[in-house]
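Working notes for the structure below.
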Amino acid sequence: MASFFQLFFIENICMIKYMKGMSINMASEKMMILNMLQEGKITADEAAKLLSSVEDPNVGKSGPTVKPGPGRPDAKRVDSDPVSNSNRLGGAKPTSSGSSSGIDFDELGRKFAAFAKDLEPKFQKVTETVAEKTVTIADKLSKSLETATTPAPPRMPSSMAASPAVGTERHIELTVLDGYNELNLAGLNGDVLIKGYNGDKISAKIHYKAIRHGGVIDLIKLGGKYYLSYEEDEFKSVSIDAYVPSHMFNVINISSLNGNMEISGLNCGQLQISNTNGQLTLSDLSAENIKSESGNGRMAVRGITAATAVIEHFNGSVDAGEIDAQKLSLTNFNGAISMSNSAFDHYDEYLWSLDTSNAKLTLNVPTLPNLGYHIRSHATLGNIRIGLTGLEFLINDPSQIEARTASFDSKSKKVRLALETSNAPLTVN
């Protein structure tokens, strides 16, 4: 039986097609093929051929087709102001009608019809977001399948190529010089473990499986740019276990596909992280700007300091704590958020947005005399419970609350919270 996540994507793809024509037809076909592969209906080789035919309509026109199930309305709100629209679906709980998800789609359909005109801009925005995520995921997974099943073409000689790698493991060290530096590390079908330390050398252990003998993989320095260099179509997998200088990089980019990732102990200007199909753990990180995109696995975030942090996750729970970001956007598509903070130390004013869909949102924050909160919260088809003391309620409904600390403007530290979830409760303290 297909998972809820698979149904979620198929149903939203149907909605996107209705609203935007055939603009994401390729993405939906890719996801259907990947679903068939996951369910064991086709082999990896057959999936790769079908994915190639999607990219090129003139190749392999015949093949199995999959009809998506009936679409359903998504009650997920995506506007930035949780209380800007007073015309809501209300706080009614979904009831079972024999469907695998336990939701009465007929009842939701009637509600959707009644409020369609009001919600149309919101559906337009959420479907565009789903379309973008679907295309990105499908492209990444398609590339992984093709890498695993298609023989690599002959490699052209390159003056930049290092000595051919022999065996399945390499130990590499490279000294990092003072100045403006960038680090780029990318794993493939394997785990990535990056730790910062007080030194000036990158010390990396690379585990790999080459498609053919002679695949070239090495750590390269070009000016102030340091990166792990290899051709993805020549390797089945590349795992990275590395210690890197914690304070010597201005920009750090770390990515992986089909593997777990752990990153800790780094301090830089810009930190960008991408991980699909694996667990992601971030801890003890400091940067001016942090951007993280991940999915299809559990995410854990601990000890993050940043002026701006944008964290996007899908299809998995997010467990977060001790995040001290002046501006925080934490979004989880189809998964719960559980977050706990004991202090707001580095800044006088904070602006946070926490947004989930189809799962609960739980937030625990400190209560101190000098700390004031302004909370705007909305729970579509769910209830809100706020346990902070000393609040003045501007709106106090079961599924929609706006409240702020008494004498908010006089507090030395101010925290503004925009909280949103759907089909589940929202709890603060």
Side-chain angles (χ1 to χ4, degrees), residues 3-6 8-9 31 34-35 37-38 133-134 136-141 143-145 147-148 184-196 204-209 228 232 235-244 252-266 271-285 287 290-304 306 309-323 325 328-340 354-362:
S3 67
F4 178 83
F5 177 61
Q6 293 168 328
F8 174 79
F9 268 105
M31 290 305 299
L34 294 171
N35 287 337
L37 174 63
Q38 180 177 341
K133 293 294 180 184
T134 301
T136 301
I137 299 164
D139 285 343
K140 286 182 178 181
L141 296 181
K143 190 170 186 179
S144 174
L145 280 173
T147 300
N184 292 274
L185 298 174
L188 175 66
N189 299 325
D191 295 343
V192 174
L193 176 61
I194 309 296
K195 296 181 180 179
K205 182 187 295 184
I206 311 298
H207 298 270
Y208 63 90
K209 290 183 180 180
L228 186 64
E232 290 187 0
F235 290 84
K236 293 181 179 179
S237 65
V238 175
S239 298
I240 306 170
D241 186 351
Y243 286 90
V244 304
I252 298 178
N253 297 292
I254 303 173
S255 64
S256 184
L257 175 66
N258 298 333
N260 297 326
M261 179 184 289
E262 295 185 17
I263 303 174
S264 63
L266 298 178
L271 176 60
Q272 299 186 54
I273 299 160
S274 176
N275 189 49
T276 304
N277 291 343
Q279 179 173 304
L280 174 62
T281 302
L282 307 177
S283 60
D284 301 323
L285 302 176
I290 295 176
K291 176 67 181 292
S292 174
E293 296 180 339
S294 58
N296 287 343
R298 180 178 176 272
M299 181 179 186
V301 187
R302 284 285 184 276
I304 305 297
V310 178
I311 300 172
E312 296 182 358
H313 190 69
F314 62 90
N315 198 38
S317 64
V318 174
D319 183 11
E322 305 308 327
I323 295 180
L328 171 66
S329 175
L330 175 55
T331 303
N332 192 10
F333 297 95
N334 201 42
I337 293 178
S338 177
M339 184 172 179
S340 179
L354 276 63
D355 196 347
T356 73
S357 62
N358 299 314
K360 66 180 180 179
L361 191 161
T362 304

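A quick note: this is a predicted structure, and the numbers were derived from the prediction, not measured. Position 1 is the first residue of the sequence; numbering continues from there.
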Residue pair I263, T281: steps toward the side chain to side chain contact (heavy atoms under 4.5 Å, CB included) verdict | CA-CA 6 Å; I263 303 174; T281 302; over 6 Å; no

Which is it for L330 and N332 under the side chain to side chain contact (heavy atoms under 4.5 Å, CB included) test, yes or no, and what are the steps along the way?
-> CA-CA 7 Å; L330 175 55; N332 192 10; 5.9 Å; no

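Contact check for V192 versus L185: no side-chain heavy atoms found under the 4.5 Å cut-off. Contact annotation: the side chain of S292 approaches that of L282 to within less than 4.5 Å [non-hydrogen atoms, C-beta and beyond].
K360 NZ to S317 OG: the interatomic distance, rounded to the nearest 0.5 Å, is 10.0 Å. To the nearest 0.5 Å, the span separating OG on S264 from CG on L193 amounts to 7.0 Å. Atoms CZ and OG1, from F333 and T356 in turn, are 10.5 Å apart once rounded to the nearest 0.5 Å. Atom OG of S329 sits about 8.5 Å away from atom CG of L354, to the nearest 0.5 Å. Atom CD of Q272 is separated from atom CG of N184 by 9.0 Å, given to the nearest 0.5 angstrom. Here F235 contributes atom CZ and N189 contributes atom CG; the two are 12.5 Å apart, rounded to the nearest 0.5 Å.
Checking side-chain atoms of D191 against main-chain N and O of N260 turns up a donor-acceptor pair under 3.5 Å. No donor-acceptor pair closer than 3.5 Å links the side chain of S274 to the backbone N or O of S256. N315 places no side-chain N or O within 3.5 Å of a backbone atom of G295 that could act as its donor or acceptor partner. Side-chain atoms of S357 come within 3.5 Å of backbone atoms of N334 as a donor-acceptor pair (strictly under, hydrogens ignored). In this structure a side-chain-to-backbone donor-acceptor pair under 3.5 Å is missing from H313 to I337.
A pairwise comparison of heavy atoms in T276 and F314 identifies CG2-CZ, 4.5 Å as the closest pair. Pairing each heavy atom of V238 with each of L228, the nearest pair is CG1-CD2, 4.1 Å. G265 approaches L285 most closely through the heavy-atom pair N-CD2, 3.9 Å. Residues M299 and V301 share a closest heavy-atom pair of CE-CG2, 3.5 Å. Here the closest heavy-atom approach between residue G196 and residue L266 is recorded as CA-CD2, 3.7 Å. In plain terms, the two heavy atoms of A309 and A325 that are nearest each other are CB-CB, 4.0 Å.
Ion pairing between a basic and an acidic side chain is recognised when a charged N comes within 4.0 Å of a carboxylate O; R302 and D284 show no such pairing. Salt-bridge annotation for D241 and K195: absent, with no side-chain N of the basic residue lying under 4.0 Å from a carboxylate O of the acidic one.
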